[in-house]
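Chain letters run A, B, ... following the sequence lines, proteins first and then strands; every chain starts at 1.
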Amino acid sequence: MSKNHFLRSIAENDIKNGKHDYVYTRFPPEPNGYLHLGHAKSICLNFGMASDLGGKCNLRFDDTNPEKEDEEYAESIRQSVEWLGFQWDKLCYASDYYDQLYTFAVQLISKGVAYVDELNAEQMREYRGTLTEPGKNSPYRDRSIEENLDLFTRMKAGEFEEGKYTLRAKIDMSSPNITLRDPILYRIRYATHYRAGDKWCIYPMYDFTHCISDALEGITHSFCTLEFQDNRALYDWVLEHIDLQENLNGEKGKLMPRQIEFGRSNLEYTIASKRKLIQLVNEGHVSGWDDPRLTTLVGLKRRGYTPKSIRDFCEEIGVTKKDSVIEMTVLENAIRHDLEASAKRVFGVLKPLKVVITNYPKGESETFTVKNHPKDDDMGTREIPFAREVYIDHDDFMMDPPKKFFRLGPGREVRLRYGYAITCNEVIQDDQGNVLELRCTYDPLTAKGQTADGRKIKGIIHWVSADHALDAEVRVYDRLYTDPNPGASDDFISLLNPDSLKVYPDAKLEPSLAEGRQNDRYQFERVGYFCFDEKDNSASKLVMNRTVSLRDTWAKVSK
RNA sequence: UGGGGUGUCGCCAAGUGGCCUAAGGCACCGGAUUUUGAUUCCGGCAUUCGAAGGUUCGAAUCCUUCCACCCCAGCCA
């Protein structure tokens, strides 16, 4: 159940007051890039509100710029919306409305509120005025309706070169709202559209297209971000001036969707700008749009984030009219919360350190039956083998440990979780003093968490039997940037975190992972949550990604 | 400087004249339980709501002024 916020209140009131019988929303991406966390907020808002209030939500591609859009993006967007767990009522494309849009443009010309201009881009900028000075009318503003109609028809017919003419709304060149200074409605562009092909050489602008698309689809509430607040006046102007008697659903009468704006949310240490994302991909700073360090939806998916965790995150950050900067821990908390309840526990050793248990008989082994989840018995149990040689993590051993280090050190005793307590008797090092191997003895009377003399063993570490272990490559990710707001810098490339990816090529995993399915999520006990990499994992080579670490109080204490 | 917005705890965010000496989440700090230094659990964490005035018996909520920040001058969306 999603939270209350001002947009929801508006929608609920509109139903309560009888303004609408239902809510109809839409998520309107332009297929010119991959979806990221910012879009997830909009998706959850639009689809979530529709389903919460018993309404509908369309997925509509705002595809009016043939030069930037591509089917590859559209396909990915459809998949990401579905992956997030939402179903659209209708799958729509603004490009499917090009004929209607053209008709409405002709209508505006006929009413004398749109004209064909032939100022070039530079002149138009001059005529537009500035923030503080009013603009001035184009010398072509007062053509006759007949001439405008003729010119517009010929624009469509391809008689003019690109940039020669534009269709403009005749509003007010001295408006303090610059959006209203005779905005362009159509421009000439000889580009092949990824869906419409070469049918058109004139393309409608966003401000003209979006409001009409909403009206055609019977959208009741058109949510968008804050930067479109000024555009709302134009949104309303266009809908006031066109003559739409019946929408695509057969509903009749003056149908006015309402645009309402909300604030964007940015995540610390990330970048959302499509331009910058493209640069990261193209220059090879990341492996692709689905690099697990990116907060694109495909990246988060590959990283191991669940759709639920992202929906929860979006609910948690709320919806207001304020642009916000969200701390990374909020996202991490969302995925930890989901995986804590659902992930199977297993043992995985990222930096293996061999331990030989000298008093355990050679060639023998035994298995321990352990729970897959400490609190959820329904998740069952599994067997883990134990033998004379095991691997523990290098981080769980210190040559000269401080008093609060509850792990292994020379002469110290720890429990191998679910197994026996071992004591470190000997440390084998190389010439440089690197620890190569440990020689330990185990206490046979310490199985099942017991000790014969009642002594408490504070330290508990994870391990995996050397002979039974699976080899794997484990990838550990950290934030992509060293600066919480990399987008604020022009040189965001220099802010990249050189340690954002650490590869552990020789990780050792417990044998049960061999039966893992591609979408399974695991908690490597005491380490973090992991998933199989969707591209590089295979039966012959296990490749796992760390989604997020476990909370690590020790890491804080030891600093 | 014209227009449009926003300002409540480190980060989000409830709250729309009295039950606010201001929910909740994240973060942080204690402490309990724990064969994960995880989880869970308990406790702490804004006498203050951008600032200053004013209205009122009473304001974060109303008024005035001021300050800060964001957006708008693409034939992008």
Side-chain angles (χ1 to χ4, degrees), chain A residues 3-5 28-30 32 62-65 67-68 117 119-121 124-126 128-135 162-168 174-181 183-189 202-203 205-207 209-210 224-233 261 263-265 268 274 315-334 336-337 340-341 345 347 370 373-375 404-407 415-419 421 446 448-450 457-462 484 523-528 549-558:
Chain A
K3 283 185 178 177
N4 272 47
H5 49 71
E30 183 188 13
N32 68 344
D62 225 335
D63 53 358
T64 55
N65 186 350
E67 289 166 329
K68 290 187 176 174
D117 198 1
L119 250 27
N120 64 33
M124 203 173 289
R125 197 176 316 123
E126 286 162 13
R128 189 150 36 222
T130 68
L131 294 179
T132 51
E133 306 155 40
E162 218 167 80
K164 174 73 175 166
Y165 291 100
T166 55
L167 181 71
R168 292 234 259 169
S174 64
S175 172
N177 180 352
I178 294 176
T179 307
L180 261 19
R181 315 242 262 230
I184 293 174
L185 268 21
Y186 268 89
R187 75 286 209 184
I188 299 172
R189 203 102 310 170
I202 56 172
Y203 288 92
M205 299 290 287
Y206 164 83
D207 285 304
T209 309
H210 200 96
C224 65
T225 42
L226 254 28
E227 70 270 26
F228 291 102
Q229 287 177 118
D230 289 341
N231 300 246
R232 188 173 66 235
E261 311 83 14
R264 291 185 119 107
S265 291
E268 280 189 343
K274 275 175 191 164
E315 181 175 324
E316 201 52 58
I317 63 177
V319 180
T320 65
K321 290 197 74 165
K322 189 173 81 173
D323 284 324
S324 56
V325 180
I326 312 294
E327 291 177 344
M328 191 69 96
T329 52
V330 180
L331 214 214
E332 292 177 344
N333 178 262
R336 282 197 188 109
H337 187 78
E340 153 61 26
R345 312 289 129 126
F347 285 163
V370 307
H373 188 109
K375 293 180 180 174
K404 300 279 265 179
F405 185 77
F406 309 137
R407 307 180 193 180
R415 174 177 294 285
L416 294 179
R417 185 159 157 84
Y418 298 128
T446 54
K448 301 251 172 3
Q450 308 299 308
I457 299 172
K458 176 75 178 168
I460 297 161
I461 62 173
H462 57 99
Q523 183 196 96
F524 288 7
E525 295 206 42
R526 305 208 312 128
V527 181
S549 69
L550 249 32
R551 264 200 197 83
D552 190 352
T553 310
W554 168 246
K556 269 185 242 161
V557 172
S558 59

In Watson-Crick or G-U wobble terms, with both distances under 3.5 Å, the base opposite B:G2 is B:C72
For the residue pair A:Thr179 / A:Asn177, report whether a side-chain donor-acceptor contact shorter than 3.5 Å exists. yes
Regarding the side chain of A:Asp230, the nearest nucleotide among B:A77, B:C72, B:G37 is B:C72
Any sub-3.5 Å donor-acceptor pair from A:Asp62's side-chain atoms to A:Pro29's backbone N or O?
-> no
Rounding to the closest angstrom, what is the interatomic distance between B:G53 and B:A13 at atom C1'?
29 Å
Can you find an N or O donor on one side and an acceptor on the other, under 3.5 Å apart, linking the side chain of A:Arg551 with the base of B:G37? no
The answer to which of A:Pro29 and A:Phe524 contacts RNA chain B further toward the 5' end, by nearest nucleotide, is A:Phe524
_Students often get this wrong, so: under 4.0 angstrom with heavy atoms, is A:Arg125 touching a base, only sugar-phosphate, or nothing?_
sugar-phosphate
message = Applying a 4.0 Å non-hydrogen cut-off, can you work out what A:Ser265 is touching in the nucleic acid: base, sugar-phosphate, or nothing?
response = nothing
If you compare every side-chain N and O of A:Arg336 against the phosphate oxygens of B:U40 (OP1, OP2), does one of them come in below 4.0 Å?
no
Here the distance between atom P of B:C69 and atom NZ of A:Lys322, to the nearest Å, is 16 Å
From the candidates B:G5, B:G2, B:G10, the one with an atom nearest any side-chain atom of A:Gln229 is B:G5
With a 4.0 Å limit, can you tell me whether A:Ser175 has a side-chain N or O closer than that to the phosphate oxygens OP1/OP2 of B:G3?
no
Taking a pair to mean Watson-Crick or G-U wobble geometry with both distances below 3.5 Å, B:G30 pairs with B:C42
- Hey, does the side chain of A:Asp117 reach the backbone of A:Thr166 with a donor-acceptor pair shorter than 3.5 angstrom? no
Ranking B:C76, B:G5, B:C28 by distance to the side chain of A:Lys556, first place goes to B:C28
Side-chain atoms of A:Lys321 come closest, of B:A77, B:U6, B:A38, to B:U6
Whole-Å distance, A:Asn4 CG to B:U16 P, equals 13 Å
- Item | Pairwise P distance for B:C66 and B:G4, with rounding to whole Å | 15 Å
Review point. When we call it a touch if two heavy atoms are under 4.0 Å apart, what does A:Leu131 touch: a base, just sugar-phosphate, or nothing?
Key: base
Euclidean distance for C1', B:A59 against B:C28 (whole angstrom): 31 Å
Over all strands shown, is A:Pro134 touching base, sugar-phosphate only, or nothing at heavy-atom distances under 4.0 angstrom?
nothing
Quiz item: Hey, does the side-chain of A:Lys375 have a donor or acceptor N/O within less than 3.5 Å of a partner on the base of B:U39?
Solution: yes
_Given the structure, check if the side chain of A:Glu133 and the base of B:G2 hold any donor-acceptor pair shorter than 3.5 Å._
no
The glycosidic conformation of B:G53, counting syn as within 90° of 0 and anti otherwise, is anti
A:Arg264 (side chain) donor-acceptor with A:Lys322 (main chain) under 3.5 angstrom: no
With a non-hydrogen cut-off below 4.0 angstrom, is A:Asp62 in contact with a base, only sugar-phosphate, or nothing? sugar-phosphate
Testing B:G3, B:A77, B:A73 for proximity to the side chain of A:Glu30, the answer is B:A77
Taken to the nearest whole Å, CZ/A:Phe406 to P/B:A38 is 11 Å
- Query: Roughly how far apart, to the nearest Å, are B:A77 and B:C9 at atom P?
  - Reply: 38 Å
Pick the C1' atom in B:G50 and in B:G5, then give their distance to the nearest Å.
15 Å
- Answer with base, sugar-phosphate or nothing: what part of the nucleic acid does A:Thr179 contact at a heavy-atom distance below 4.0 Å? nothing
Provide the distance between the two C1' atoms, one in B:G54 and one in B:C12, to the nearest whole Å. 33 Å
Review point. Which part of the nucleic acid, if any, lies within reach of A:Thr320 when heavy atoms closer than 4.0 Å are counted: base, sugar-phosphate only, or nothing?
Key: sugar-phosphate
Any salt bridge linking A:Glu340 with A:Arg345? Criterion: basic side-chain nitrogen under 4.0 Å from a carboxylate oxygen. yes
Per atom distances to the A:Gln523 side chain, the nearest of B:U36, B:A77, B:U8 is B:U36
Quick note, A:Glu340 side chain, CB onward, closest among B:A77, B:U6, B:U39 is B:U39
- request: Quick one: label A:Tyr165 by what it contacts on the DNA or RNA (base, sugar-phosphate, nothing), any heavy atom closer than 4.0 Å.
  value: nothing
Check your understanding: Where the side chain of A:Thr225 meets the backbone of A:Glu227, is there a donor-acceptor pair that is under 3.5 Å apart?
Key -> no
Separation of B:G15 atom P from A:His5 atom NE2, nearest Å, is 11 Å
| task | Classify the side chain of A:Asp552 versus the base of B:G37 as yes if they form a donor-acceptor pair under 3.5 Å and no if they do not. | result | no
Taken to the nearest whole Å, CG/A:Asn333 to C1'/B:C28 is 14 Å
Note to self: Rounding to an integer number of angstrom, what distance separates B:G15 and B:A23 when you compare their P atoms?
What the structure shows: 14 Å
Note to self: Please classify the nucleic acid contact of A:Lys404 as base, sugar-phosphate, or nothing, using heavy-atom distances under 4.0 Å.
What the structure shows: base
In short, A:Met205 meets A:Ile184 closest at the heavy-atom pair CG-O, 3.3 Å
When the C1' atoms of B:A22 and B:U34 are compared, how many Å lie between them, rounded to an integer? 36 Å
Whole-Å distance, A:Glu525 CD to B:U34 P, equals 17 Å
### Message
Please classify the nucleic acid contact of A:Thr130 as base, sugar-phosphate, or nothing, using heavy-atom distances under 4.0 Å.
### Response
base
Nearest-nucleotide check on RNA chain B, A:Ser324 vs A:Arg415; residue mapping nearer the 5' end is A:Ser324
Checklist entry - Looking across every strand, which nucleic acid part, if any, lies under 4.0 Å from A:Arg128 by heavy atom: base, sugar-phosphate, or nothing? => result sugar-phosphate
pair_partner(B:U64), Watson-Crick or wobble, both distances < 3.5 Å, evaluates to B:A52
For the pair A:Glu30 and A:Lys68, find out whether any cationic side-chain nitrogen is under 4.0 Å from an anionic carboxylate oxygen.
-> no
Closest of B:G37, B:C12, B:A77 to the A:Ile326 side chain is B:C12
| request: Determine the contact category for A:Glu261: base if any of its heavy atoms lies under 4.0 Å from a base atom, sugar-phosphate if only primed atoms, P, OP1 or OP2 are that close, otherwise nothing. | output: nothing
Minimal heavy-atom distance between A:Asn32 and A:Lys274, with the atoms involved, is OD1-NZ, 2.6 Å
* Using a 4.0 Å heavy-atom cut-off across all strands, classify A:Ile184 as base, sugar-phosphate, or nothing. => base
note: A:Leu185, atom CG; B:A77, atom P; distance rounded to Å ~ 12 Å
Q.
Counting only side-chain nitrogens and oxygens, does A:Thr64 get under 4.0 Å of the OP1 or OP2 atom of B:A77?
A. yes
**Study point:** Exam field: side chain A:Ser324 to backbone A:Ile326, donor-acceptor pair closer than 3.5 Å
**Key:** no
Inset, instruction - Assign A:Arg345 to base, sugar-phosphate, or nothing according to its heavy-atom contacts below 4.0 angstrom with the strands shown. - result: base
